[in-house]
Amino acid sequence: MVRTIETHDLVEDRRLTLQTELDRHKTQIERNKFGQFATPTRLAQEILAYGLSLLPENKAIRFLDPAIGTGSFYSALRATHGQRPVAWACGFEIDPHYGEPAQEFWKTTSLDLTLADFTRQEPPTHDEAKSNLLICNPPYVRHHHIDSIDKRRLQNAARDAANIEASGLSGLYCYFLALSHKWMSEGGIAGWLIPSEFMDVNYGKALKAYLLREVTLLHIHRFDPNDVQFDDALVSSAVIWFKKQKPPASHQVTFSFGGTLRQPALIRKINTDELGRTNKWSRYPKRGAESTHTGYRLGDLFTIKRGLATGDNNFFILDEKRALELNIPSQFLRPILPSARYVKGDEIMADSHGVPLLEKRLFLLDCVLPEHEVQHEHPSLWAYLQTGREQVAQRYLCRSRRYWYAQERRPAAPIVCTYIGRSDHDGKPFRFLLNHSQATATNVYLMLYPSSLLMNRLQTDPTKLRTLWHALNTLDHTVLLDNGRVYGGGMHKLEPRELSNVPADDLAAMVGLNGKNPKMQMEFEVMTAP
């Protein structure tokens, strides 16, 4: 027995050496684009051992990995299956860079490794040719790396295979999970190592509906975001376990968090009826069910928008010295806030021209004049624009504008929010800044503009804005975290709609608003609907 373990360890050491060598010949950008992040050995073996515990012991293993890479899960299967028979094992790999060396590496074993795009393969038709243990770390390819034609193909395939109506914002891993449905035998077990963001984002709704209606969801384990599972990918991970059979009535799902699959830091069972009513599954197992909030939300008090996207910050955002050197006319320069690390306090004062009194004084190049007017009337601006014509002007965002150098309208907001931040060490993940300047902001900020409802109150008493700003900075940070999403390394993010949904009865009362009427709530829900 000791010799067998040593043999597995030696094989895995050689596979890891191969994996490292293959990774070395790809850039990080290439691997990010194609979602190529190998599962660490310890995690792969932990997942396989747990999957085997869910499979009846009298069943011979029929193993499938639709995105096998160099075979981390197959290696883990060989190390953990013990005396249980393996009827067959197969996998698919689209990239010959990994697939061909993997075929050579495992050629003396029973693994059937096919070099092909799994999403284009025809599933088997009879049950014995289907997998009863499907384990996969699918490629984490974001939607903007999937071309429109392929995306439509995948959406149609997902609908046909698993009754999943995938959003156009879905990552490739969602399609892998959907298409694998027809590759599983009835009663088979699936374990998916995927980003936990599906639990909270809009595109995850279709995937969550599948997990509640088409299969029996058994267990979702979410790793602590501060304990990143992949050294080369900053992503918060979860393992999803389900059985391919329709769920029984009043079924309960195990949710766990932190630690390991076998020894989580927190664990709790949640009824599927409750899950069906809950938008953000990441609240489990730490917190209970969402309560229906019928009162005021921040979206009633503020119109919340993401800051502007310039198309190329390096070209369009200039510091004061650079703008003077280029002799850019002042009418084409709008003050813009620097990133939050250059804003030491939470209140931004301004000079008589509305420029922030900050050490880093930045300006946004913004011109709405046609090119012939710029060329004849503003030669210094024209000369600078020519330096960006070949590269900057050809970028997607710039090409889509009437004039490639004209920015979207984002006036200065009286309050801006740093909507990305860390939650560790009991720090505030988000900062609300009171902005006295005329500076706009880029998309690293959320911009809070008083709604007409709030403006009516501020016209009577403008000091209430400062009161609200103080209240925003003293909000219980767990309320903000519950409404946002989390990424690897403990990085939290709030989108405009998520911040809009934060309950704000106390803030509304501070400006004399009491008792929100149902009609206003219905209008808010329509306004913030995805």
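Since this is a predicted model, take the numbers as computed values, not measurements.
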Given Ile189 and Leu218, is the side-chain contact (heavy atoms from CB on, under 4.5 Å) satisfied, shown in steps? CA-CA 10 Å; Ile189 298 295; Leu218 302 173; 4.1 Å; yes
Report yes or no: does [X] contribute a side-chain atom to a donor-acceptor pair with the main-chain N or O of [Y] at less than 3.5 Å?
X	Y	result
Asn132	Ser185	no
Glu347	Leu434	no
Ser282	Asp200	no
Asp65	Gly71	no

Polar contact flag, side-chain donor to acceptor under 3.5 angstrom, Arg497-Asn202: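 Checked: Arg497/Asn202 side chains pair up, N/O donor to acceptor below 3.5 Å.
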Side-chain donor-acceptor contact under 3.5 Å, Thr278 with Arg283: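 Checked: Thr278/Arg283 side chains show no N/O donor-acceptor pair below 3.5 Å.
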Parallel under 30°, tilted from 30 to 60°, perpendicular over 60°: which one fits the rings of Trp183 and Phe118?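 Rings of Trp183 and Phe118: tilted, 30 to 60°.
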Which class fits the ring pair Trp241 and Tyr50: parallel under 30°, tilted 30 to 60°, perpendicular over 60°?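 Rings of Trp241 and Tyr50: tilted, as their planes differ by 30° to 60°.
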Applying the side-chain contact (heavy atoms from CB on, under 4.5 Å) criterion to Glu12, which one of Asp9, Leu10, Leu16 satisfies it?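 Single side-chain contact (heavy atoms from CB on, under 4.5 Å) partner of Glu12 among Asp9, Leu10, Leu16: Leu16.
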Beyond-backbone contact of Tyr342 with Leu358, side-chain heavy atoms, under 4.5 angstrom: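 Sidechains of Leu358 and Tyr342: no contact.
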What I'd like to find out is whether the side chain of Leu212 reaches to under 4.5 Å of the side chain of Pro247, using heavy atoms alone.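 Leu212 does not reach Pro247 side chain to side chain.
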Can you check side-chain contact (heavy atoms from CB on, under 4.5 Å) on Tyr203 and Glu197, steps first, answer last? CA-CA 9 Å; Tyr203 77 73; Glu197 64 185 38; 2.4 Å; yes
Looking only at non-hydrogen atoms, find the nearest pair between [X] and [Y] and report the distance.
X	Y	value
Ala49	Arg262	O-NH2, 3.7 Å
Ala60	Ala87	CB-CB, 4.1 Å
Leu193	Val239	CD1-CG2, 3.9 Å

Verdict with reasoning, Leu448 to Leu499, per side-chain contact (heavy atoms from CB on, under 4.5 Å): CA-CA 10 Å; Leu448 282 69; Leu499 183 57; 4.2 Å; yes
Strictly under 6.0 Å, is that where the ring centroids of His181 and Tyr210 end up?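 Yes, the ring of His181 comes within the 6.0 Å limit of the ring of Tyr210, centre to centre.
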Does Asp150 come within less than 4.0 Å of Arg153, counting only side-chain N to carboxylate O?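 Yes, Asp150 and Arg153 are salt-bridged.
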Presence of salt bridge, Arg24 and Glu21, under 4.0 angstrom: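 Salt bridge: yes.
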Salt bridge (Lys or Arg N to Asp or Glu O under 4.0 Å) partners of residues 167-184, not counting sequence neighbours, each pair once: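 For residues 167-184, and leaving out neighbouring residues, the salt bridge (Lys or Arg N to Asp or Glu O under 4.0 Å) pairs sorted by first residue read Asp160-Lys182.
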Stepwise, does the side chain to side chain donor-acceptor pair (under 3.5 Å) test hold for Thr70 with Arg15? CA-CA 7 Å; Thr70 63; Arg15 190 196 66 80; 2.7 Å; yes
